[in-house]
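The sequence lines fix the lettering, A, B, ..., with proteins before strands; numbering per chain opens at 1.
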Amino acid sequence: MKSKKSFLFAGAVLAGMTFCYVPAAFAADVNMPVTAVLHSSIDQQATQSLDFGSIDLSPVASTITLNASSGSGTPTASGSTIISGGNEGIISVWAAMNMTITLTYPNDNVVELTNMGDTVYVNNIAANSQNSGGTVGHTGHASTPTTIAIGGTVDFTGNEGDGTYSGVMPIVLAYN
Amino acid sequence: MHFKHILFLSFLLLLIFSPTILVGEVQVRIIKTISFGTVDLHPGGDTILIDARTGSSFPGSSRSIVSEGGSGLIRISSDENVHMDILYPASTIMRSNNHSLSVSEIDNRSQYAFGGVDINSDIPLDVNIGGQMSLIGQEVDGNYSGSIPITINFE
């Protein structure tokens, strides 16, 4: 009798479960590939070096000035110093999109031109360069660059030795 | 307890804890992957956006030059009427060598991200996937790739 009750109970539970079936929730996972290609058209180069020319230096102190604020320039000298040749420096910027370029030039007594043991400085760079260290607008184009002319002044005491004086002028370009 | 009792109770337990049988068939397929295209990024930074909340979309930007690309597409079909909730991640990472880009706002730029959607039997449902890249302008050129893990809950 007791075992018969057990079977009946189990059977009742089983029957109840059959009629209480509930459809289950389920999930699917998908991994969607995502890609991007970055390919910048922007390029900036010093396409012409700043050259103060060949200087027949007066033994008296003199200043060499290359004023490129209008877009180009050749060096001139104070006093009896004689100069031949020389040209403004040029920075060229290429980019396919429109943008504004802000230039930051070095302060005075930063840019050194050295030859053996002698050093002279390029000063007043912003005042003698195009846009005076402000901003330049660039119209986007695949192949036509925006150019910026660079100038400055060099002070000589008259005692500097002959030779080729050279150095590097760091200019910062910011884009917006 | 007799052996036949144990056997019967074991059978009962097996029925209680066995996986429920699935009714109907659901199919999920990736039709098109998501691509932000080729981006000539403005050096001052930009946001590249694919807004697919209302359907397929192409990438756009405010000052960069973007070519090609488009939203991703998933197609879901079922032979039963079923409700589904789509869970998108907020963001994911794409990589190119040692560099990475983040794709964000995936849930806010894709379809059916909130509230779910009902699928009618034998009528496929298209789900468009979007997102955005917020770039500072200094990112390194390259081919970036990654994946967006999406979970679809069916009821």
Within-4.5 Å side-chain heavy-atom neighbours: [X] and [Y]:
X      : Y       : result
T35(A) : N143(B) : no
H42(B) : M99(A)  : yes
V37(A) : F36(B)  : no

Would you say [Y] ends up clustered with [X] if hydrophobic residues are merged whenever their side chains have heavy atoms under 4.5 Å apart, either directly or through other cluster members?
X       : Y       : result
I55(A)  : V60(A)  : no
I150(A) : I101(A) : yes
I171(A) : Y121(A) : no
F156(A) : L50(A)  : yes
I74(B)  : F154(B) : yes

Under 4.5 Å heavy-atom distance to chain A, tell me which part of [X] shows up: side chain, backbone, both or neither.
X       : result
M84(B)  : neither
I50(B)  : neither
I30(B)  : side chain
V140(B) : backbone

[X] atom [atom1], neighbour heavy-atom count above 12 within 6.0 Å:
X      : atom1 : result
H39(A) : NE2   : no
Q27(B) : CD    : yes
N98(B) : CG    : no
N98(A) : CG    : yes
D29(A) : CG    : yes
F58(B) : CZ    : no

Counting heavy-atom pairs under 4.5 Å to chain A, which of [options] comes out on top?
options                          : result
V39(B), D85(B), L87(B)           : V39(B)
G72(B), S64(B), G37(B), G131(B)  : G37(B)
S67(B), G142(B), P59(B), S145(B) : G142(B)
N153(B), I65(B), I34(B)          : I34(B)
G45(B), G137(B), P149(B)         : P149(B)

Q: Can you see which heavy atom on M32(A) is nearest to which on T33(B), and at what distance?
A: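 Minimum heavy-atom contact is SD-CA, 3.6 Å.
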
(Q) Give me the atom names and distance for the closest heavy-atom approach of V34(A) to S147(B). (A)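 Looking at all heavy atoms of both residues, the closest pair is CG1-N, 3.8 Å.
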
Q: May I ask you to check whether D141(B) and S40(A) show a side-chain donor-acceptor distance below 3.5 Å?
A: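 Distance-only check fails for D141(B) and S40(A).
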
Once you round to the nearest 0.5 Å, how far does [atom1] of [X] lie from [atom2] of [Y]?
X       : Y       : atom1 : atom2 : result
L38(A)  : M94(B)  : CG    : CE    : 7.5 Å
Q138(B) : Y175(A) : CD    : OH    : 10.0 Å
L41(B)  : M97(A)  : CG    : CE    : 7.0 Å

Q | Sequence neighbours excluded, every pair satisfying side chain to side chain donor-acceptor pair (under 3.5 Å) that has a member inside residues 87-97 of chain B | A |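 Sorted result for residues 87-97 of chain B: empty, none.
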
Q: Output yes when a side-chain donor or acceptor of N176(A) lies under 3.5 Å from a complementary backbone atom of G44(B), and no otherwise.
A: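 Such a contact is absent between N176(A) side chain and G44(B) backbone.
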
**Q.** Option in A95(A), A174(A), A27(A) with maximal non-hydrogen atom pairs under 4.5 Å from chain B
**A.**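 Going by pairs under 4.5 Å, I would pick A27(A).
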
